[in-house]
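Take a look at the structure set out below.
In this text the structure is predicted, and so the values were computed from the model without any measurement.
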Amino acid sequence: MMHLPQLSVMDKLEILSDAAKYDASCASSSTTKRDSLGGKGLGSTTGSGICHSYAPDGRCISLLKILLTNFCTYDCVFCINRSSSNVQRARFSVEEVVALTLNFYKRNYIEGLFLSSGIIRSPDYTMAELVRVAETLRVQHGFRGYIHLKLIPSASPDLVARAGLFADRVSVNIELPSEASLKSFAPEKQPRDISAAMGGLKLKIEESKAERAKTSKAPSFSPAGQSTQMIVGADGASDAAILDRSAQLYGSFGLKRVYYSAFSPIPDSSSQLPLAEPPLLREHRLYQADWLTRFYGFEVGEILDRHSGDMLDLAIDPKLAWALRHRDRFPLDVNSADRESLLRVPGLGPRSVKRILDMRRIKRLRLEDVGKLARSLTTLRNFIVTADWRPGATLDSDRLRQHLAPKPQQLALF
C-alpha cells in the first residue's frame with residue numbers, strides 16, 4: 001500500500017462507514033436470541049439500539065455498518081472502492097473495530113456489527129481478518145450481540161466455515177443477475193466461486209441444524225442463515241431476469257433474503273455504466289414482488305406482465321397489477337374462499353388472512369368485520385364479497401385502475 005497520513009479512528013469511521021453504505025444486505029432478523037442478563041458476556045441480539053435496518057416484522061435494528069478497509073485489489077466497474085477509483089482510503093485494525101463495536105454497544109448506539117471489506121493482499125488474508133474481528137468479540141469479550149459478516153467467495157472453505165461459527169448471518173453478494181454482466185463489470189469475481197460459496201454455506205447451515213436438533217450443545221452455524229445482494233440498473237437486466245435469478249437463488253441455496261440495491265452513479269465512472277440511477281420506485285417494486293413469491297404463493301411468471309417488456313408496473317404495486325389483469329377471479333367471498341385465494345386479494349396479507357380464517361369459524365363476516373381485521377378497505381372492498389357487501393360494477397370499470405393508483409403528490413420545497 002502507498003504511504004498515507006495518519007488518520008484518527010473517527011476519521012477512519014467517517015470514511016469506512018460512508019464506503020459501506022452501498023451494501024443493503026444488513027437486516028438482523030431470524031437470528032438466535034441471546035442476551036447477557038444472566039451476567040454472562042456482553043450485549044444481546046434483541047432490544048433497542050448507526051445504520052438503521054428493518055426486519056420483516058418492521059422492527060428497527062441499529063448496526064455499526066463499516067468496511068474493514070476500502071482499499072481493494074479488484075476493479076469492479078460499479079464499485080466506488082474499485083482499485084482505479086480516486087477516493088480517500090483508510091483501514092481499520094482488527095483491534096479498532098472490536099473497540100468501536102464494544103464502545104458503541106455500551107453506549108446503546110447499536111445492537112450489533114455489519115462488517116465487510118475491500119480485498120487486500122489476498123482473499124484469504126482479508127477473510128482471516130474479518131473472522132478475527134468476530135472471534136475476538138465472541139471469545140475474548142463475550143459479545144452476544146448480532147454480527148453479520150460479508151464473505152469473500154474465493155476465500156478458503158475453512159475460513160468461510162470459521163466465519164459461520166462466530167457470525168449470526170453471513171452473505172455473499174451475487175452483485176448482478178447474469179454471469180455475462182458479472183464477467184463484464186467485475187472480471188476478478190468468478191460466478192463459480194460465488195455459487196460454490198453459497199452451496200457450501202447451505203450445507204454447513206443444514207448440518208448445524210441437524211446437529212442442534214440432536215443436542216443443544218452442538219455449535220450453531222450462521223443461525224440467521226445467508227443472504228445476498230443484487231445491484232439494480234447497472235446493466236440492462238429486466239425485472240423478470242432479476243426476479244427469475246432471485247427465485248433460483250432461493251431455491252438452490254435456501255437464502256433468507258435477496259436484497260436489491262438501486263445503482264448509484266459514482267465519480268469517474270466507466271462508459272459501461274448508465275449516466276443516471278434507476279427510479280428508486282423500481283427497487284421498491286422488486287421488493288414487493290419478491291415478497292409475493294416468498295409469502296403469498298405467487299410464481300415470478302404470474303407477477304410480471306410479459307407484454308410490458310418484462311418490467312414491473314411502477315404506478316401500482318405488483319399484487320394489484322396482477323388482480324387487475326385477472327378480474328375474472330374476483331370478487332372473492334371471504335366467508336368461503338381458501339387461504340391461498342385470499343392471499344391474492346389486494347389489501348390482504350398473511351396476518352389479516354389468518355384473522356379472517358379464525359373469525360369466520362365463529363360468524364359470517366360482514367364488511368365492517370373485515371375492515372377491523374385488515375389494514376384498510378379502500379382497495380380491498382373492490383375485490384371481495386361479504387355477508388352484506390358486493391362490489392357491483394366497479395370491479396369491471398375501466399377506471400378502477402385509475403381510482404386505485406396512488407395519487408400524485410406535490411413535493412415539499414423544504
Side-chain angles (χ1 to χ4, degrees), residues 6-21 23 25-55 59-71 89-118 120 125-152 159-171 219-224 227:
Q6 291 294 316
L7 298 173
S8 69
V9 171
M10 296 312 293
D11 289 334
K12 294 178 184 179
L13 180 61
E14 182 176 354
I15 295 167
L16 296 173
S17 60
D18 184 69
K21 68 184 180 183
D23 202 316
S25 53
C26 63
S28 67
S29 57
S30 304
T31 188
T32 300
K33 290 187 177 181
R34 298 187 302 269
D35 62 60
S36 53
L37 295 178
K40 296 179 180 179
L42 171 74
S44 68
T45 54
T46 58
S48 59
I50 259 182
C51 152
H52 293 102
S53 187
Y54 292 89
R59 183 169 57 93
C60 183
I61 300 152
S62 298
L63 300 174
L64 175 59
K65 181 182 178 184
I66 54 175
L67 299 184
L68 186 66
T69 180
N70 64 344
F71 285 99
R89 306 286 181 171
R91 177 184 174 184
F92 279 126
S93 68
V94 168
E95 292 72 24
E96 286 171 334
V97 176
V98 170
L100 276 173
T101 304
L102 296 175
N103 289 334
F104 279 22
Y105 195 95
K106 290 173 182 177
R107 288 168 172 78
N108 202 32
Y109 294 163
I110 60 169
E111 293 180 68
L113 171 68
F114 176 94
L115 185 62
S116 184
S117 183
I120 50 175
Y125 173 82
T126 308
M127 192 71 249
E129 292 289 277
L130 294 172
V131 171
R132 196 154 68 89
V133 170
E135 184 173 9
T136 302
L137 282 167
R138 294 285 194 227
V139 177
Q140 292 187 21
H141 298 279
F143 183 71
R144 300 175 69 80
Y146 180 83
I147 297 177
H148 182 153
L149 291 183
K150 183 69 64 175
L151 305 186
I152 299 165
L159 284 169
V160 171
R162 284 193 65 76
L165 293 176
F166 301 111
D168 293 273
R169 174 170 287 180
V170 291
S171 56
S220 61
F221 184 93
S222 188
S227 60

*asked:* Let's go through L165 and F221 carefully: what are the C-alpha distance in whole Å and the side-chain angles of both, what is the deciding distance for side-chain contact (heavy atoms from CB on, under 4.5 Å) to 0.1 Å, and is it a yes or a no?
replied: CA-CA 5 Å; L165 293 176; F221 184 93; 4.2 Å; yes

Could you walk me through whether F92 and L67 pass side-chain contact (heavy atoms from CB on, under 4.5 Å), step by step?
-> CA-CA 8 Å; F92 279 126; L67 299 184; over 6 Å; no

Show your working on side-chain contact (heavy atoms from CB on, under 4.5 Å) between L113 and V97 and close with a plain yes or no. CA-CA 9 Å; L113 171 68; V97 176; 4.2 Å; yes

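For the atom pair CG of L102 and CG of L100, the computed distance is 9.5 Å after rounding to the nearest 0.5 Å. Atom CG in L13 sits 5.0 Å away from atom CZ in F104 (nearest 0.5 Å). The CD1 atom of I152 sits 9.0 Å away from atom CG of L159, with the distance rounded to the nearest 0.5 Å. Taken to the nearest 0.5 Å, the CZ atom of F71 stands 9.5 Å off from the CG atom of L16.
Evaluation of the salt bridge (Lys or Arg N to Asp or Glu O under 4.0 Å) rule for E135 yields R162 as partners, not counting sequence neighbours. Checked against side chain to side chain contact (heavy atoms under 4.5 Å, CB included), D18 has the following partners two or more places apart in sequence or in another chain: K21.
K12 places a side-chain N or O within 3.5 Å of a backbone atom of R91 that can act as its donor or acceptor partner. Judged purely by atom type and a 3.5 angstrom limit, N70 uses its side chain to pair as donor or acceptor with the backbone of A90. For the pair T126 (side chain) and I120 (backbone), a donor-acceptor distance under 3.5 Å is present. Of the possible donor and acceptor atoms, one in the side chain of R107 sits under 3.5 Å from a partner among the backbone N and O of N103.
Applying the 6.0 Å contact sphere to CD of E14 captures no more than 12 heavy atoms from other residues, nucleotides or ligands.
Y105 has its side chain out of reach of L137: every pair of non-hydrogen atoms, C-beta onward, lies at least 4.5 Å apart. The shortest side-chain heavy-atom distance between V131 and M127 falls under the 4.5 Å cut-off. The shortest side-chain heavy-atom distance between I15 and L7 falls under the 4.5 Å cut-off. When side chains are defined from C-beta on, L115 does not count as touching I147, because their heavy atoms never get closer than 4.5 Å. A heavy-atom distance below 4.5 Å is found between the side chains of V98 and H141.
Between L130 and S117, the shortest heavy-atom contact is CD2-CB, 3.9 Å. When every heavy atom of G145 is checked against every heavy atom of R138, the shortest pair comes out as O-NH1, 2.7 Å. In terms of heavy atoms, H148 sits closest to S227 at CE1-OG, 3.8 Å. Residues K150 and S171 share a closest heavy-atom pair of NZ-OG, 2.9 Å.
Screening V139, T136, L149 for a side chain to side chain contact (heavy atoms under 4.5 Å, CB included) involving F166 leaves a single residue, V139.
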